[in-house]
Amino acid sequence: MGLKLYNTLTRKTEEFTPLEEGRVRMYVCGPTVYGHAHLGHGKSYVSFDVLVRYLRYLGYTVTYVQNITDVGHLTDDADAGEDKIGKQAAREHKHPMAIAESYTRSYFEDMDALHCLRPDISPRATGHIPEQIELVQTLIEKGYAYEVNGSVYFDVSQWPGYGKLSGRSVEDMQAGARVQVSEEKKHPADFALWKKAEPGHIMQWSSPWGRGYPGWHVECSVMSMKYLGKTIDIHGGGIENQFPHHECEIAQSEAANGAPFVKYWMHHNMVTVDGQKMGKSLNNFITLKQIFKEGHERLSRTYDPLAVRQLILQSHYRSPIDFSDAALSAAQSGYDRITEAVTGVRKQKDKAPAGAADAKITEQLAGAVEKFVAAMNDDLNTSIALSVLFELVKTANQVLGREETTAGTLEAIDGMFRRLGGEVLGIVKEEYPQAAGGDERLLDHLIGMMIEQRRTARANKDFSAGDKIRDQLAEFGIVLEDKPGGVTTWRRK
RNA sequence: GGCGGCGUACCCAAGCGGUCUAAGGGGACGGUUUGCAAAACCGUUAUUCGUCGGUUCGAAUCCGACCGCCGCCUCCA
């Protein structure tokens, strides 16, 4: 049984078969870079990162494209609105491109911290203006779009498939329209492909229809086609983009190409904070940087990026997730438990007696892989996949307590941690800082000296002196642990 | 107004017709270990899955009603 994914288009969980054997073309809607990435971005990109990692684990060659939206579009589809990037540029007294640049870097920094693999291609919207104009032109030529007053709109009445992704009919939309409909449109559901630039609009380009800028759905269509082809395997994004964004993408792409746009549409659910919706316009959002190092009034402390990743993976990508200090704290504890088991295994590996892996353990590991793969195949059940990792942690800790444990056994367990926990889930690191770089080595030596002093004191039954050393180190976030056999180890709290 | 989701132990969360007297994590409480800690290990912590009905030999899982949360429909991940 192979991988099954829930396809929003068909509303069913389907067997995944790529268009081309062994190869997957995948596009995920990227961020608009006018601010630091927040928890919502975290959930989104961790979810799809795991998909990419798992597809690769299964042996597929994946081409992963994720755009960077560096041109703010409209505040809505109905009026000229404000350019989000332009607005931020005015606020920071910088050029819009400087805003886009600095937040793009910030975004990658945060994604790296979350162990999200970089996409193969991160195309910028502003780098694809000619292609976007071309698409609009094609749509006009084919009779799917019309120009009014320097703006171009998609003519929904010419495209009967409109609404197939979100399950809406054009009539419903007309009835439920809450936004002021532009008078330029023939039909309220028509959407902008190209907008005429208002005098103050900084980001604008020349087009056959005069100075203007692209509508907010065109870039994804264009960049997806350019780098992945007319029809791709997977297009991912947030559930809030199902409509109108993805619906419009389908309409304009399929109308222009006469070919299906996407085989599998995947949508992840939203994030709440303390039980409430988190949105940019609500100003109650927590940025990743705040969680990782700056702090936030709703948080009692900062958290490890990978603890955040773990929290995200603890629930299903199609379920909403509520971030709270308690949830983060629990995830941090769980993450620490995994980390300690892994580092414990790696340290012990070098000291353990040589020998082949224990047969029972080998069997257990094989069972773990089976369970893990079955869970991931079931529309990425990362919650169960994680539970497999925790079972592995238990096994590792049990084995670590035994003297007869061989290097082979530990090697086998470590291999499993690396493959399932590292390669696929991305929460087990290749290397942990302790005993790695120069500063860490120095630190290890210094703490080693303290440990030695404490050992001497304790040997002389001077426990208060020994405890003092332990307490002092604790103030700097260093925890000492006396292991069986008189060995003392240290770790960061 | 339209559409969709959710309600499982103290908290988070998986489960989607029998293997459920319901994974996993956090927390709490016992025990082992320890000079004391910490960590780890062992054990305990839902005979029950919002409520009430129904379908079925059998339901947390399907159907209906009700109660309570939440999200989308507007740039947003």
Side-chain angles (χ1 to χ4, degrees), chain A residues 11 28-32 34-35 37-48 69 72-78 81-84 87 166-169 171-173 175-180 216 236-245 267-272 275-282 285 310-311 314-316 318-322 324 326-338 340-341 344 371 375 378 381-391 393-394 396-398 400-401 458 461-464 466-467 470-471 474 479-484 488-489 491 493:
Chain A
R11 280 150 225 283
V28 169
C29 288
T32 302
Y34 66 106
H38 52 69
L39 277 169
H41 294 104
K43 174 164 164 81
S44 179
Y45 301 117
V46 166
S47 300
F48 291 117
T69 298
H73 297 289
L74 309 174
T75 29
D76 61 58
D77 211 10
E82 270 187 284
D83 178 319
K84 283 171 292 182
K87 201 171 162 185
S166 51
R168 293 152 202 266
S169 67
E171 298 79 64
D172 290 345
M173 288 177 240
R178 276 167 44 187
V179 288
Q180 191 65 39
W216 41 289
I239 201 166
E240 84 288 354
N241 275 334
Q242 200 175 312
F243 184 88
H245 187 54
H267 293 95
H268 64 81
N269 218 130
M270 311 288 281
V271 148
T272 52
Q276 282 190 308
K277 170 198 163 80
M278 185 180 87
K280 278 180 184 171
S281 48
L282 293 180
F285 65 93
Q310 184 179 300
L311 179 55
Q314 249 162 33
S315 64
H316 191 89
R318 283 192 286 114
S319 300
I321 182 166
D322 184 46
S324 61
L328 281 162
S329 174
Q332 179 74 55
S333 299
Y335 172 70
D336 289 342
R337 183 168 149 79
I338 293 172
E340 275 189 62
K371 189 175 171 189
D378 183 18
N381 192 330
T382 51
S383 185
I384 288 183
L386 248 189
S387 80
V388 172
L389 203 66
F390 275 107
E391 280 162 19
V393 165
K394 181 165 272 189
N397 284 329
Q398 285 168 338
L400 280 175
R458 291 172 73 219
K461 302 277 180 209
D462 185 358
F463 294 119
S464 68
D467 289 349
R470 188 170 61 194
D471 293 345
V479 179
L480 295 189
E481 291 173 356
D482 299 327
K483 295 289 164 68
T488 299
T489 60
R491 67 184 168 86
K493 177 64 194 157

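Chain letters run A, B, ... following the sequence lines, proteins first, then strands; residues in each count from 1.
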*List in chain and number order the residues that pass ring pair (Phe, Tyr, Trp, His ring centres under 6.0 Å) with A:His316, two or more places apart in sequence or in another chain; answer none if no residue qualifies.*
none

Could you work out, with salt bridge (Lys or Arg N to Asp or Glu O under 4.0 Å) as the rule, every residue matching [X], not counting sequence neighbours?
X: A:Asp467; value: A:Arg470
X: A:Lys483; value: A:Glu481
X: A:Asp322; value: none

Polar pairs (N or O, both sides) under 3.5 Å between protein and nucleotides 68-72 of chain B?
from: B:rG71; atom 1: OP1; to: A:Lys277; atom 2: N; distance (Å): 3.0
from: B:rC72; atom 1: OP1; to: A:Lys277; atom 2: NZ; distance (Å): 2.2

*Sequence neighbours excluded, which residues qualify as side chain to side chain donor-acceptor pair (under 3.5 Å) partners of A:Glu340?*
A:Arg491

*Excluding sequence neighbours, so at least two apart, what forms side chain to side chain donor-acceptor pair (under 3.5 Å) with A:Lys371?*
A:Glu391

_Is there, by distance only and without an angle test, a donor paired with an acceptor across the side chain of A:Arg318 and the base of B:rC6 below 3.5 Å?_
no

_Dot-bracket line, read 5' to 3' along RNA chain B, where crossing pairs take [ ] and | marks a partner on another strand, Watson-Crick or G-U under 3.5 Å_ = ((((((((.[[[..)..(.....]]]((((((.......))))))....[[[[[..)....]]]]])))))))....

*asked:* With the criterion set at under 5.5 Å between ring centres and under 30 degrees between planes, would B:rG35 be stacked on A:Phe463?
replied: yes

*Give the B/S/- string for nucleotides 38-44 of chain B, one per nucleotide from 5' to 3', where a protein heavy atom under 4.0 Å of the base yields B, of only the sugar-phosphate yields S, and otherwise -.*
BSSSS--

Table of protein N/O atoms under 3.5 Å from nucleotides 18-23 of chain B N/O atoms:
from: B:rA23; atom 1: N1; to: A:Ser383; atom 2: OG; distance (Å): 3.2

*Sequence neighbours left out, what passes side-chain contact (heavy atoms from CB on, under 4.5 Å) with A:Ala331? Give chain and number order.*
A:Leu311

*How would you list, by chain and number, every residue that makes a side-chain contact (heavy atoms from CB on, under 4.5 Å) with A:Pro320, sequence neighbours excluded?*
A:Asn269

*Can you figure out which of B:rC76, B:rG24, B:rC36 approaches the side chain of A:Arg470 most closely?*
B:rC36

